Trainee: 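Encoded as structure tokens, here's the structure I'll be asking about.
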Protein chains: 2
Amino acid sequence: MSNISLIHTMPKKTAIELKPLEKILSLWDVLTPDERQFVNNNYTVHHFKKNEVIHHEGDVPTHMMILASGRVKVTKAGVGSRSQIIRMLKEGEHFSYRSIIASDVYSTNVTAFEDSVVYMIKADIFLSILRHNNAFCYRFLEELSTDLAASDTRTVNLTQKHIRGRLAEALLLLVKNYGLEEDGATICIYLSREDLANISNMTTSNAIRTLASFSDEHIIAMDGRKLKIIDHEKLLKISKTG
Amino acid sequence: MSNISLIHTMPKKTAIELKPLEKILSLWDVLTPDERQFVNNNYTVHHFKKNEVIHHEGDVPTHMMILASGRVKVTKAGVGSRSQIIRMLKEGEHFSYRSIIASDVYSTNVTAFEDSVVYMIKADIFLSILRHNNAFCYRFLEELSTDLAASDTRTVNLTQKHIRGRLAEALLLLVKNYGLEEDGATICIYLSREDLANISNMTTSNAIRTLASFSDEHIIAMDGRKLKIIDHEKLLKISKTG
DNA sequence: CTAAATTTGTGCTTTAAAACATGCTTGTCA
DNA sequence: TGACAAGCATGTTTTAAAGCACAAATTTAG
């Protein structure tokens with residue numbers, strides 16, 4: 001448990017909320033006691049401030065990462081200066097392992113869009129467990145299978161739907177991913193219009209405009225970055241038909 | 001080897017060219033002798049005519065499939081009548097296993113666009129090997145990792161590049177996937193303009209128009225569905241700059 | 001072997017979304 | 001505190017690509 005000490009060097013506020021690896025890693029249960037011990041002795045804790053980049057596209061992967069707290073976005077550089085948000089992660093989700101498995105460089109950028117804490121496990125340790133623990137390996141196989149279908153669906157949605165459909169879909173995705181606040185309407189994540197645009201593959205102007213339309217039509221309500229879903233059915237319909 | 005008999009019931013021409021499972025399955029080498037025997041006793045051979053559908057989006061997956069001969073396209077229905085080609089497979093590649101692993105229905109359609117022969121292994125047999133043979137499992141993990149990056153790249157390319165860039169990219173992809181004929185220029189696959197459009201996410205008219213432009217600019221040469229790459233460098237440049 | 005259907009090719013029109021311009025907030029940090 | 005940057009909002013212009021219409025060529029089927 002050598003790295004627990006690392007946590008204790010953090011400001012108390014953060015330390016109190018920070019769950020240990022064994023509580024946060026969804027795959028913990030398939031590890032053998034030995035593996036658990038091994039991992040516990042060999043992970044490191046890293047803090048990232050809002051907007052800090054965790055890793056860059058093209059870099060050689062060194063660690064498998066688990067988001068202990070905060071939120072990060074996975075993006076991919078496109079043509080010119082446009083960047084596309086591929087996925088958004090929340091506490092407990094792991095990332096940056098795909099490139100390790102594929103013996104590839106990172107195919108995406110990962111950026112914290114809230115202050116975040118990341119647990120890192122060295123690539124060789126990760127690989128060694130993958131190669132020795134079949135249940136562990138299989139869990140990742142399942143995850144990648146699900147992600148691949150999601151990515152293909154995304155491709156079709158982003159290329160074929162119109163602006164309103166794409167934005168509606170993005171909003172529904174955020175709801176699914178981050179949930180709603182106690183009022184049962186406000187999306188539990190506050191994004192800039194630009195980020196919203198980069199999820200829905202449109203310009204910032206168009207994200208703003210389309211949000212305004214949705215608001216006029218009483219499909220959503222806005223208060224700065226706070227977005228309330230008023231008419232979930234309509235949003236679903238727009239995302240399907242358009 | 002019970003299923004070899006099945007092959008012998010086929011027209012001789014096909015039978016002669018048809019490689020047995022052990023020659024076609026790239027993962028054969030990681031199977032144990034027992035597993036090899038087991039798979040050999042439990043695969044079936046299926047013939048599909050040109051344009052015949054092998055499986056539909058939404059169907060419950062029953063078999064892991066290996067393309068023994070011919071060519072198939074993996075598509076996904078989009079908005080309205082537009083369908084998008086996600087991937088194109090050639091002899092020796094396997095497919096339809098993603099949904100089995102993810103316990104999902106098929107997320108794509110698979111259609112033969114040439115007369116094709118498919119070897120099928122029952123889902124439960126496939127899963128049982130995955131769960132017992134770590135090397136086998138790991139191979140699929142690698143494959144899915146590669147495919148996921150490809151899918152994400154594709155998303156960005158299709159959404160952000162302009163028509164010329166998308167078509168150039170599609171042509172390069174075909175070259176990479178199917179290679180060139182002995183002349184070192186003609187792409188080893190003859191597709192309809194519509195299929196080409198569905199790979200590049202554009203209308204058929206635009207695929208035709210853009211091909212004509214490329215031909216005018218001496219980047220490619222056309223003879224019906226036969227496409228020759230004249231200026232590979234220029235094509236690469238167009239695909240990059242958009 | 002012809003008739004019908006599909007595929008290919010081209011021109012013209014329309015349209016969705018980008019690009020651009022500009023003003024208004026809000027936050028931030030010297 | 002005041003100026004500078006970021007982010008939000010909205011109107012106007014431009015443009016890339018879809019949509020449509022139709023003719024020619026090629027396949028397919030009866």
Side-chain angles (χ1 to χ4, degrees), chain A residues 49-51 78-85 111 113 156-170 189-217 220-227 238 241-242, chain B residues 49-52 73 78-85 111 113-115 156-170 189-217 220-227 238 241-242:
Chain A
K49 280 174 293 184
K50 190 176 170 173
N51 294 325
V79 184
S81 58
R82 294 183 65 179
S83 100
Q84 166 110 42
I85 297 181
T111 311
F113 62 85
V156 175
N157 284 338
L158 288 185
T159 53
Q160 298 199 4
K161 284 182 184 170
H162 286 176
I163 276 206
R164 286 168 61 89
R166 301 206 299 273
L167 186 64
E169 172 134 350
I189 191 167
Y190 305 164
L191 290 176
S192 69
R193 305 292 196 253
E194 191 185 355
D195 277 341
L196 226 37
N198 289 341
I199 297 175
S200 329
N201 186 44
M202 62 185 68
T203 54
T204 307
S205 311
N206 276 329
I208 291 167
R209 243 187 283 273
T210 312
L211 278 177
S213 304
F214 284 177
S215 181
D216 286 350
E217 296 165 43
I220 64 168
M222 300 188 286
D223 175 17
R225 294 190 176 183
K226 217 182 253 195
L227 301 178
I238 292 172
T241 61
Chain B
K49 280 174 294 183
K50 191 176 169 172
N51 294 325
E52 209 175 331
K73 59 181 173 185
V79 184
S81 56
R82 293 183 65 179
S83 99
Q84 166 111 43
I85 296 181
T111 311
F113 63 84
E114 286 178 11
D115 290 0
V156 175
N157 284 338
L158 289 185
T159 55
Q160 299 198 4
K161 284 181 183 170
H162 286 176
I163 276 206
R164 286 168 60 88
R166 300 206 300 271
L167 186 64
E169 172 137 348
I189 190 167
Y190 305 164
L191 291 175
S192 70
R193 304 294 195 252
E194 192 185 355
D195 277 342
L196 226 37
N198 289 341
I199 297 175
S200 329
N201 186 44
M202 61 185 68
T203 54
T204 308
S205 314
N206 276 329
I208 290 166
R209 243 187 285 271
T210 311
L211 277 177
S213 303
F214 285 177
S215 180
D216 286 351
E217 296 165 43
I220 63 167
M222 300 189 284
D223 175 17
R225 294 189 177 185
K226 217 181 252 195
L227 301 178
I238 292 172
T241 61

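Order of the sequence lines fixes the chain letters, A, B, ..., with proteins taken first and strands second; residue numbering starts at 1 for each chain. Predicted, not measured: the structure shown is a model, and the values here were computed from it.
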Trainee: Heavy atoms only, 4.0 Å cut-off, all strands: where does Arg164(B) land among base, sugar-phosphate and nothing?
Mentor: nothing
Trainee: State, yes or no, whether a side-chain contact exists between Val156(A) and Arg82(B) at a heavy-atom distance under 4.5 Å.
Mentor: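 The answer is no, as the side chains (C-beta and beyond) never meet within the 4.5 Å cut-off.
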Trainee: Does any part of the side chain of Met202(A), heavy atoms only, come nearer than 4.5 Å to the side chain of Arg209(A), both counted from C-beta?
Mentor: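 The answer is no; the side chains never approach within 4.5 Å.
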Trainee: Side chain of Glu194(A): nearest nucleotide among dA17(C), dG7(D), dA17(D)?
Mentor: dG7(D)
Trainee: Less than 4.5 Å apart, any side-chain heavy atom of Leu158(B) and any of Gln84(B)?
Mentor: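 With C-beta onward as the side chain, the pair touches.
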Trainee: In terms of side-chain heavy atoms of Thr203(A), which of dA18(D), dT7(C), dA18(C) is nearest?
Mentor: dA18(C)
Trainee: Looking only at non-hydrogen atoms, find the nearest pair between Arg193(B) and Arg225(B) and report the distance.
Mentor: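 Of all heavy-atom pairs spanning Arg193(B) and Arg225(B), the closest is NH1-CA, 4.0 Å.
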Trainee: CZ of Arg82(B) versus C1' of dA18(D): gap in Å, rounded?
Mentor: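 The distance from CZ of Arg82(B) to C1' of dA18(D) comes to 8 Å, rounded to the nearest Å.
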Trainee: Given dA18(C), dG9(C), dA17(D), identify the nucleotide with an atom nearest to the side chain of Arg166(B).
Mentor: dA17(D)
Trainee: Considering every strand and a 4.0 Å limit on heavy-atom distances, what is the contact class for Ser205(B): base, sugar-phosphate, or nothing?
Mentor: base
Trainee: Of all heavy-atom pairs between Ser83(B) and Gln160(A), which one has the smallest distance, and what is that distance?
Mentor: C-NE2, 4.3 Å
Trainee: Can you tell me the distance, in whole Å, between the CG atom of Asp195(A) and the P atom of dA6(D)?
Mentor: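 One finds 15 Å between P of dA6(D) and CG of Asp195(A), rounded.
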Trainee: When the distance from CG of Asp223(B) to P of dT8(C) is rounded to whole Å, what number comes out?
Mentor: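 Rounding to the nearest Å, CG of Asp223(B) and P of dT8(C) are 13 Å apart.
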Trainee: Could you give the NZ-to-P distance, from Lys226(A) to dC8(D), as a whole number of Å?
Mentor: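 Between P of dC8(D) and NZ of Lys226(A): 15 Å.
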Trainee: Under 4.0 Å: is that the gap between some side-chain N or O of Ser192(A) and OP1 or OP2 of dG7(D)?
Mentor: no
Trainee: Gln160(A) CD to dA17(D) P: how many Å, rounded?
Mentor: 15 Å
Trainee: Here's a test of your reading of the structure: between Lys50(B) and Met202(B), which maps to the more 5' nucleotide of DNA chain D?
Mentor: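 It is Met202(B) whose nearest nucleotide is closer to the 5' end.
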Trainee: What heavy-atom pair brings Tyr190(A) and Lys226(A) nearest, and what distance separates the two atoms?
Mentor: OH-CE, 3.3 Å
Trainee: Taking atom types as they are modelled, is there a donor-acceptor pair under 3.5 Å from the base of dG11(D) to the side chain of Arg209(A)?
Mentor: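 Per atom types, the contact qualifies.
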Trainee: Return the nearest nucleotide to the side chain of Ile163(A); candidates are dC8(D), dA18(C), dA18(D).
Mentor: dA18(C)
Trainee: Ile85(A) pairs by side chain to side chain contact (heavy atoms under 4.5 Å, CB included) with which of Asn198(A), Leu196(A), Thr111(A)?
Mentor: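 Single side chain to side chain contact (heavy atoms under 4.5 Å, CB included) partner of Ile85(A) among Asn198(A), Leu196(A), Thr111(A): Asn198(A).
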Trainee: Classify the nucleic acid contact of Ile208(B) as base, sugar-phosphate or nothing, counting any heavy atom under 4.0 Å across all strands shown.
Mentor: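 Ile208(B): base contact, heavy atoms under 4.0 Å.
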Trainee: Identify which nucleotide among dA17(C), dC8(D), dT10(D) has an atom closest to any side-chain atom of Ala212(A), counting heavy atoms from C-beta outward.
Mentor: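 The nucleotide sitting nearest to the side chain is dT10(D).
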Trainee: For Arg225(B) and dT26(D), what is the distance between atoms CZ and P respectively, to the nearest whole Å?
Mentor: 12 Å
Trainee: Without swapping roles, check the side chain of Arg166(A) against the backbone of Asn201(A) for a donor-acceptor pair under 3.5 Å.
Mentor: yes
Trainee: Mind calculating the distance between CZ (Arg193(A)) and C1' (dC8(D)) to the nearest angstrom?
Mentor: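 From Arg193(A) CZ to dC8(D) C1': 7 Å.
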Trainee: Please round to 10 degrees the angle between the axis of the first five pairs and the axis of the last five pairs in the helix from dC1(C)-dG30(D) to dA30(C)-dT1(D).
Mentor: 40°
Trainee: To the nearest angstrom, how far is Asn206(B) atom CG from dC12(C) atom P?
Mentor: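 Those two atoms, CG and P, are 16 Å apart.
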